[in-house]
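Reading through the structure tokens given below for one structure.
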Amino acid sequence: MNLTEILLNRRSIRRYKDEPIPEEALRGVLTSGLLAPTSRNLKPCRFTVVREKTTLEALSHAKAAGGAFLREAGAAVVVSADAEKADTWVEDGSIALTCMHLAAAEAGLGSCWIQIHLRRDREGGEAEENVRRILGLEEQFRTVGILALGVPAESPEPHRPEEADFGQVRFIG
Ligand SMILES: Cc1cc2nc3c(=O)[nH]c(=O)nc-3n(C[C@H](O)[C@H](O)[C@H](O)COP(=O)(O)O)c2cc1C
């Protein structure tokens, strides 16, 4: 697939087969995150790969809604960034997460972004603090989100260029 095909075929996949993720494919996804652009090239991101079922289950409860499917995933890549190193930790983490989502699509893996930063759990606690506790992250690391990954068990239709809403675009001159 060329980049345009990946951009159209990429969908958020939330159902996964109970099969391991091929090691080489996972490495390719992580390589895309590690090589993603960062402000001032500071590279503040840390990627925590979780494959253990009990930890995936714990992370699936880190926020109140929108993350339950993580317990069925083959792996999670938790994207955190050192906020003391870079004030652009949200941007740097988000770009890395997006690059890995696209790389996963190219590798034939299903993946979906799970928002953590700014979200709360069922008791009103911060999702970020739950992730910090589960993974034992140091205080300066802020978690942008989690990429749930797996061998896809659903195949939604690719996007079509005609769906693009040019009403969102304003041309000046
Ligand atoms: C910043 C961001 C946060 C997201 N958070 C979640 C989430 O917490 N749970 C979820 O199921 N999907 C999440 N998604 C996926 C979106 O719901 C999805 O991209 C959108 O519905 C469009 O579907 P598509 O990706 O298949 O085109 C998130 C996407 C982005 C970009």
Side-chain angles (χ1 to χ4, degrees), residues 1-17 21 29 32-33 36-39 44-50 55-81 83 86-135 137 141-169:
M1 283 194 283
N2 64 32
L3 181 58
T4 305
E5 289 166 338
I6 294 166
L7 291 170
L8 292 173
N9 278 283
R10 168 220 69 76
R11 296 299 310 269
S12 293
I13 303 296
R14 301 178 180 85
R15 291 178 54 223
Y16 313 99
K17 291 184 181 161
I21 297 170
V29 168
S32 301
T38 60
S39 176
C45 298
R46 179 183 290 179
F47 306 90
T48 307
V49 181
V50 177
T55 312
L56 289 172
E57 170 81 31
L59 288 172
S60 78
H61 300 294
K63 67 171 186 166
F69 58 92
L70 190 53
R71 72 169 70 93
E72 313 292 346
V77 183
V78 181
V79 181
S80 314
D87 59 3
T88 51
W89 61 271
V90 173
E91 291 83 355
D92 294 335
S94 299
I95 290 166
L97 226 154
T98 302
C99 286
M100 292 193 292
H101 176 51
L102 295 174
E106 189 197 23
L109 295 174
S111 72
C112 186
W113 182 313
I114 297 175
Q115 181 74 18
I116 294 298
H117 170 56
L118 303 172
R119 295 293 176 261
R120 294 194 173 269
D121 63 22
R122 282 178 210 283
E123 283 77 43
E126 286 187 16
E128 252 195 280
E129 289 311 311
N130 295 334
V131 172
R132 181 188 308 289
R133 192 187 62 254
I134 293 164
L135 301 181
L137 289 171
F141 281 93
R142 304 293 307 272
T143 297
V144 175
I146 300 174
L147 189 70
L149 268 175
V151 177
E154 60 178 342
S155 49
E157 287 295 307
H159 287 297
R160 290 171 294 110
E162 303 78 63
E163 289 171 41
D165 176 11
F166 273 80
Q168 293 176 250
V169 181

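Start at 1 and go down the list; that is how both ligands and their atoms are numbered. Because only heavy atoms are used, hydrogens play no part in the values below, and waters and symmetry mates are left out as well, while side chains stay in.
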Please say whether His101 places an N or O atom under 3.5 Å from an N or O atom belonging to ligand 1.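 No, since none of the N or O atoms of His101 sits under 3.5 Å from an N or O of ligand 1.
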Is any N or O atom of Ala65, backbone or side chain, closer than 3.5 Å to an N or O atom of ligand 1?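 Checking ligand 1 against Ala65, no N or O pair falls under 3.5 Å apart.
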Is [Y] close to [X] at the side-chain level, that is, under 4.5 Å between some pair of heavy atoms?
X     : Y      : result
Ile95 : Pro37  : yes
Val79 : Phe47  : yes
Ile13 : Cys112 : no

Contacting atoms of ligand 1, where contact means under 4.0 angstrom from a heavy atom of [X]:
X      : value
Arg11  : 24 (P), 26 (O), 27 (O)
Cys112 : 10 (C), 11 (O), 12 (N)
Arg10  : 24 (P), 25 (O), 27 (O)
Ile114 : 7 (C), 8 (O)
Phe69  : 11 (O)
Lys63  : 7 (C), 8 (O)

Nearest heavy atoms of [X] and [Y], plus distance in Å:
X      : Y      : result
Ile21  : Gly74  : CD1-C, 3.8 Å
Arg15  : Glu154 : N-OE2, 3.2 Å
Leu147 : Trp113 : CD1-N, 4.1 Å

Residue and atom name of the nearest protein heavy atom (relative to [atom]), distance in Å to one decimal:
atom                    : result
atom 27 (O) of ligand 1 : His159 NE2, 2.6 Å
atom 16 (C) of ligand 1 : Arg14 NH2, 3.8 Å
atom 20 (C) of ligand 1 : Ser12 OG, 4.6 Å
atom 13 (C) of ligand 1 : Trp113 O, 2.9 Å
atom 9 (N) of ligand 1  : Gly66 O, 2.8 Å

Taking atom CD of Glu163 as the centre, report whether more than 12 heavy atoms of other residues, nucleotides or ligands fall under 6.0 Å from it.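 More than 12 within 6.0 Å, yes.
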Between the main-chain N or O of [Y] and the side-chain N or O of [X], is there a donor-acceptor pair closer than 3.5 Å?
X      : Y      : answer
Arg132 : Phe141 : yes
Glu5   : Asn2   : yes
Arg11  : Glu157 : yes

For Arg119, state whether at least one heavy atom is located under 4.0 Å from any atom of ligand 1.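 No, Arg119 has no heavy atoms under 4.0 Å from ligand 1.
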For Gly67 and ligand 1, answer yes if some heavy atom of the residue is under 4.0 Å from a ligand atom, otherwise no.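 No, Gly67 has no heavy atom closer than 4.0 Å to ligand 1.
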Does the protein place a non-hydrogen atom closer than 4.0 angstrom to atom 7 (C) of ligand 1?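 Yes, at least one protein heavy atom sits under 4.0 Å from atom 7 (C) of ligand 1.
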With a 4.0 Å cut-off, strictly under, does atom 18 (C) of ligand 1 pick up any protein heavy atom?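 It does: a protein heavy atom is found less than 4.0 Å away from atom 18 (C) of ligand 1.
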Could you label the plane-to-plane angle of the His117 and Trp89 rings as parallel, tilted or perpendicular, counting under 30° as parallel and over 60° as perpendicular?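 Rings of His117 and Trp89: perpendicular, as their planes differ by over 60°.
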